[in-house]
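Report on one structure; see the data block that follows.
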Amino acid sequence: AVFVLSEEEVGNAFAVSGKIKERKYIIYIELALLFLFGTAILVMNILGLMGKAGLQKPTTTNWFYIALCYGMIPVVAIMPKRTKKKIIRNATSGNQLELGIYENLFEVHIAGRDPADDWQQSYDGSFGVICEKGLMVLTLANGQILAIPERCLTEEQIPVVKERLLTKPE
């Protein structure tokens with residue numbers, strides 16, 4: 001099999017393998033807290049300016065905290081996505097991979113590199129395999145991942161490759 005992974009496939013491989021975790025709910029909690037803190041300080045400042053509720057007149061520091069709370073909202077909302085995109089972009093090399101799948105092992109060669117850099121992995125159960133999103137994602141013992149897109153295999157090869165990768169030795 002010969003293939004070049006796209007940014008989308010690299011992102012899917014990271015998501016499937018758990019290398020990049022989705023921050024689903026925590027970001028909304030962080031955004032709500034920043035908004036609530038900023039609003040609470042703003043209300044206290046306004047009441048202080050009006051001389052209500054026995055509050056002192058607001059200081060410059062109080063206004064700074066309001067600006068900080070409201071200024072952090074877009075940062076907290078945007079940064080996780082930007083960081084994730086940067087990680088994926090850096091991991092997407094654009095190199096062509098050549099994958100040889102044999103009965104007892106598979107071999108990976110990166111086109112344009114010295115054949116001495118090739119590596120082999122036997123089907124010894126020392127790696128995990130997850131098949132999702134049109135990918136076969138292998139998590140190797142050293143923590144690296146290898147994504148094999150199903151698009152680079154023929155319809156006949158897909159079940160054979162999955163069987164070899166998913167079969168654990170006895």
Side-chain angles (χ1 to χ4, degrees), residues 1-36 38 67-169:
V2 178
F3 58 92
V4 175
L5 290 171
S6 67
E7 281 189 21
E8 181 182 354
E9 289 171 330
V10 171
N12 288 340
F14 278 147
V16 166
S17 69
K19 292 284 184 186
I20 295 181
K21 305 236 187 292
E22 287 290 326
R23 299 180 66 212
K24 293 182 182 177
Y25 303 111
I26 193 81
I27 195 164
Y28 297 115
I29 293 169
E30 291 169 347
L31 292 172
L33 287 174
L34 284 170
F35 179 77
L36 288 174
L68 184 66
C69 285
Y70 289 138
M72 287 299 295
I73 289 174
V75 173
V76 170
I78 295 171
M79 284 308 288
K81 286 183 182 177
R82 289 192 63 187
T83 303
K84 180 179 174 181
K85 278 185 179 180
K86 186 176 180 180
I87 291 169
I88 290 169
R89 196 171 297 120
N90 288 340
T92 306
S93 64
N95 290 336
Q96 179 173 308
L97 294 171
E98 298 170 9
L99 180 69
I101 298 179
Y102 306 104
E103 296 221 9
N104 57 346
L105 61 89
F106 64 90
E107 184 176 65
V108 178
H109 171 71
I110 300 173
R113 291 207 184 156
D114 186 10
D117 292 337
D118 292 0
W119 54 275
Q120 298 177 344
Q121 175 70 48
S122 63
Y123 306 123
D124 59 2
S126 66
F127 57 89
V129 181
I130 301 173
C131 299
E132 283 184 30
K133 299 181 181 184
L135 295 170
M136 290 173 264
V137 181
L138 286 68
T139 304
L140 305 174
N142 63 4
Q144 290 183 319
I145 61 171
L146 171 66
I148 305 168
E150 291 179 4
R151 66 174 166 78
C152 72
L153 302 169
T154 65
E155 292 294 323
E156 297 81 31
Q157 289 175 321
I158 292 173
V160 174
V161 171
K162 281 185 179 180
E163 179 184 340
R164 287 184 182 163
L165 293 176
L166 293 169
T167 301
K168 301 290 182 201

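Quick note: residue numbers are just sequence positions, from 1.
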Problem set entry | For Asn142, all residues meeting side-chain hydrogen bond (donor to acceptor under 3.5 Å, both in side chains), sequence neighbours excluded | Gln144
Where [X] and [Y] come nearest, the two heavy atoms and their spacing:
X: Asp118; Y: Ile110; result: OD1-N, 4.3 Å
X: Val4; Y: Gln96; result: CG2-CA, 3.6 Å
X: Ile148; Y: Phe3; result: CA-CZ, 4.3 Å
X: Pro149; Y: Leu5; result: CD-CD2, 3.8 Å

Taking only distance into account, with no hydrogens and no angle test, what donor-acceptor pairs under 3.5 Å do side-chain atoms of residues 77-91 form with protein atoms, sequence neighbours excluded?
residue	atom	partner	partner atom	Å
Thr83	OG1	Met79	O	2.8
Lys84	NZ	Glu22	OE2	2.4
Asn90	ND2	Lys86	O	3.4

Problem set entry | Non-neighbouring partners of Lys162 that pass salt bridge (charged side-chain N to carboxylate O under 4.0 Å, His left out), sequence neighbours left out | Glu150
Exercise. Does Glu30 have any salt bridge (charged side-chain N to carboxylate O under 4.0 Å, His left out) partners at least two apart in sequence or in another chain, and if so, which?
Worked result: Arg23
Rounded to the nearest 0.5 Å, what's the gap from [atom1] on [X] to [atom2] on [Y]? Could you check?
X: Ile158; Y: Arg151; atom1: CD1; atom2: CZ; result: 11.5 Å
X: Leu33; Y: Met72; atom1: CG; atom2: CE; result: 12.5 Å
X: Leu97; Y: His109; atom1: CG; atom2: NE2; result: 9.5 Å
X: Leu99; Y: Cys152; atom1: CG; atom2: SG; result: 7.0 Å
X: Thr92; Y: Glu7; atom1: OG1; atom2: CD; result: 4.5 Å

side-chain contact (heavy atoms from CB on, under 4.5 Å) with [X]: which residues, sequence neighbours excluded?
X: Thr139; result: Ser17, Ile145
X: Ile73; result: Leu31, Leu34, Phe35, Tyr70
X: Gln121; result: Phe106, Trp119, Asp124, Ser126, Phe127, Leu140
X: Ile130; result: Val16, Glu132

Problem set entry | Residue pairs involving residues 93-108 (criterion salt bridge (charged side-chain N to carboxylate O under 4.0 Å, His left out); sequence neighbours excluded) | none
